[in-house]
Number of protein chains: 2
Amino acid sequence: MTELLIRNILNHITLSNKELENFCNLFNQKEVLKKHFLLREGKLCKFEGFVIKGLFRVYHIDSNGFEQVLYFAKENWWVTDIDSFTNDKPSQLYIQALEDSEVLLISKRDKEFAYNNIPKIEELFRVMTQKTHIALQRRIIDNLSKTADQRYLDFIEKYPNLFQRLTNVQIAAYLGISHEFLSKIRRKIASK
Amino acid sequence: MTELLIRNILNHITLSNKELENFCNLFNQKEVLKKHFLLREGKLCKFEGFVIKGLFRVYHIDSNGFEQVLYFAKENWWVTDIDSFTNDKPSQLYIQALEDSEVLLISKRDKEFAYNNIPKIEELFRVMTQKTHIALQRRIIDNLSKTADQRYLDFIEKYPNLFQRLTNVQIAAYLGISHEFLSKIRRKIASK
DNA sequence: ACAAAATATTGAACAAGTTCAATAACTGAA
DNA sequence: TTCAGTTATTGAACTTGTTCAATATTTTGT
């Protein structure tokens, strides 16, 4: 069941079989059924997760009760609240399964064990964090500069298979617009 | 001149004097006068920089010619285009001095040398990247959920001394609104 | 296959933010 | 000190996106 994880890691760095095995053994598999939560606001995020099946939404609820989706995580993607996890503080995020899902979880202690005993793991997470960092910068620029129409088109182009598994409400919460307006955008695009 | 850099590093991790000295010696100081560029779109970003004096804006110009500010960097802040720097690809960003400034620059080769010879440096950059990562996530949620008025108020509260050194045009480009609209927001706030 | 629930669409009135053009205030260099 | 260039303010018309409420469509559980 760590086949997918191994391939994901090797995509970022090179690691011996022994190192891979030692690292992967630190993960525990968990099933999360549709609509169930991996994390809720106010709780400590005690894991870093790798999705092997299904789909999650990572979102925030603001003071007006509106939900903003920070990101989606499907098979082969990592999922955590890095702020809560690294700084041991209550999470401001919810992580909910949108489909029946399975994740591999590593605890903070085991991750630190890996940092100390498998030097390359430090590099792995540095490289992964950097890649996410770049994607976040890109998204900020896009959110600042692009119209909702364009952000929607970008989204379905960038994540064509993800898009098919999401409702308009979820996509709108990611784009930062109301789902009614997304509906109007879709009509406008379809009529072309 | 590396006094500020040393204090900044020790703020993230602990390092012996020897390690600090070895690492800091890899930096070269550079002066950048107001309105001059540290990086332009299309160029390779060959440095990671630490600002010891002055102020920079890191921005993008979109296809309509509008500028979006990704972030500002003043004394004691780091500045680079991490995408261009780590992936050796042409930058999509401009980095311009808004005041007469001075930066300490480290090259990619020297940074890699540090990774290989001062193990803790890997941790330093992992920790720094994580902190930035968290800030970027926060900004995405804020941009999605908050009105321009609130984002402006947040900005001047979060960066009170930075705000005084910036023009409305710069702040508007950071908030993602027109400077005229920012002017109207300021009037509305002042009238209360 | 059916009922219930969740999701999507639509329109009308409204709010937030842009654009353009004109004027005012400020800054810096000679 | 002046004046030229930059930066800020304002108003009017416009565009983008929201809100609310009603209706249509799809999905889900039994």
Side-chain angles (χ1 to χ4, degrees), chain A residues 33-36 54-55 57 59 61-69 72 96-101 140 142-156 162-192, chain B residues 33-36 54-55 57 59 61-69 72 96-100 142-156 162-192:
Chain A
L33 294 179
K34 184 171 177 172
K35 298 201 179 175
H36 286 231
L55 176 59
R57 63 195 264 248
Y59 67 103
I61 301 185
D62 69 22
S63 50
N64 300 314
F66 290 97
E67 299 179 357
Q68 292 89 38
V69 170
F72 300 105
Q96 185 190 36
L98 294 175
E99 302 171 358
D100 291 347
S101 304
I140 285 178
D142 287 351
N143 282 347
L144 291 179
S145 63
K146 292 183 175 170
T147 177
D149 301 42
Q150 195 53 54
R151 294 201 318 269
Y152 175 67
L153 290 170
D154 287 357
F155 182 79
I156 62 182
L162 190 55
F163 143 77
Q164 299 172 54
R165 292 157 71 179
L166 295 168
T167 65
N168 278 0
V169 172
Q170 301 307 336
I171 296 172
Y174 178 88
L175 298 177
I177 58 177
S178 67
H179 68 278
E180 294 95 332
F181 189 56
L182 176 53
S183 194
K184 287 161 193 171
I185 289 174
R186 285 159 58 87
R187 176 175 45 168
K188 198 171 78 182
I189 290 170
S191 76
K192 283 182 184 164
Chain B
L33 293 180
K34 184 171 177 171
K35 298 198 179 177
H36 287 230
L55 175 59
R57 63 196 265 247
Y59 67 103
I61 301 185
D62 70 22
S63 50
N64 300 315
F66 290 98
E67 299 179 357
Q68 293 89 38
V69 170
F72 299 106
Q96 186 190 36
L98 293 175
E99 302 172 358
D100 291 348
D142 287 351
N143 281 347
L144 291 180
S145 64
K146 293 183 175 169
T147 178
D149 301 41
Q150 195 54 55
R151 296 202 314 273
Y152 175 67
L153 289 171
D154 288 357
F155 182 79
I156 62 182
L162 191 54
F163 144 77
Q164 298 171 52
R165 290 158 72 179
L166 295 168
T167 65
N168 279 1
V169 172
Q170 300 307 334
I171 296 172
Y174 178 88
L175 298 176
I177 58 177
S178 67
H179 69 277
E180 294 96 334
F181 189 55
L182 177 54
S183 193
K184 286 160 194 172
I185 288 174
R186 285 159 57 87
R187 175 175 48 168
K188 199 172 77 182
I189 290 169
S191 76
K192 284 185 183 163

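By convention in this document, chain letters (A, B, ...) are assigned in the order of the sequence lines, proteins followed by strands, and residues within each chain are numbered from 1.
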Quickly work out the [X] [atom1] to [N] [atom2] distance and round it to whole Å.
X	N	atom1	atom2	value
B:Lys184	C:dT18	NZ	P	9 Å
A:Asp149	D:dT15	CG	C1'	11 Å
A:Ile189	C:dA8	CD1	C1'	15 Å
B:Ile185	D:dT9	CD1	C1'	14 Å
B:Gln68	C:dG17	CD	P	16 Å
A:Lys188	D:dT16	NZ	P	6 Å
A:Glu99	C:dA6	CD	C1'	16 Å
A:Phe66	C:dA16	CZ	P	12 Å

Let me spell it out: for each of B:Lys35 and B:Phe181, pick the nucleotide of DNA chain D with the closest heavy atom. Which residue's pick is nearer the 5' end?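 Nearest nucleotide further toward 5': that of B:Lys35.
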
Euclidean distance, [Y] [atom2] relative to [X] [atom1], rounded to 0.5 Å:
X	Y	atom1	atom2	value
B:His179	B:Ile171	NE2	CD1	12.5 Å
B:Leu175	B:Lys146	CG	NZ	12.0 Å
A:Phe155	A:Leu182	CZ	CG	10.0 Å
B:Asp62	B:Gln68	CG	CD	4.5 Å

Could you go through the side chain to side chain contact (heavy atoms under 4.5 Å, CB included) check for A:Gln170 and A:Phe72 one step at a time? CA-CA 9 Å; A:Gln170 301 307 336; A:Phe72 300 105; 4.0 Å; yes

With side chains defined as the heavy atoms from C-beta onward, is the minimum distance between B:Leu162 and B:Leu55 less than 4.5 Å?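 Yes; the side chains approach each other to less than 4.5 Å.
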
I would like to know whether B:Tyr152 and B:Arg186 meet side chain to side chain donor-acceptor pair (under 3.5 Å); could you show each step before the answer? CA-CA 9 Å; B:Tyr152 175 67; B:Arg186 285 159 57 87; 3.1 Å; yes

Could you tell me whether the phosphate oxygens of D:dT9, OP1 or OP2, come under 4.0 Å of any side-chain nitrogen or oxygen in B:Arg186?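 Yes, B:Arg186 has a side-chain N/O under 4.0 Å of OP1/OP2 on D:dT9.
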
Is B:Arg187 close enough to D:dG11 that one of its side-chain N or O atoms is under 4.0 Å from OP1 or OP2 there?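 True: B:Arg187 side-chain N/O within range (under 4.0 Å) of D:dG11 OP1/OP2.
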
B:Lys34 or B:Ala148, whichever maps to the more 5' nucleotide of DNA chain C: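 On the 5' side of the pair lies B:Ala148.
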
Residue-level proximity of residues 163-179 of chain B to DNA chain D when a heavy atom falls under 4.0 Å: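 B:Thr167, B:Asn168, B:Val169, B:His179, in order of number.
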
Considering only D:dT19, C:dT19, D:dT16, which nucleotide approaches the side chain of A:Thr147 most closely?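 Nucleotide nearest to A:Thr147's side chain: D:dT16.
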
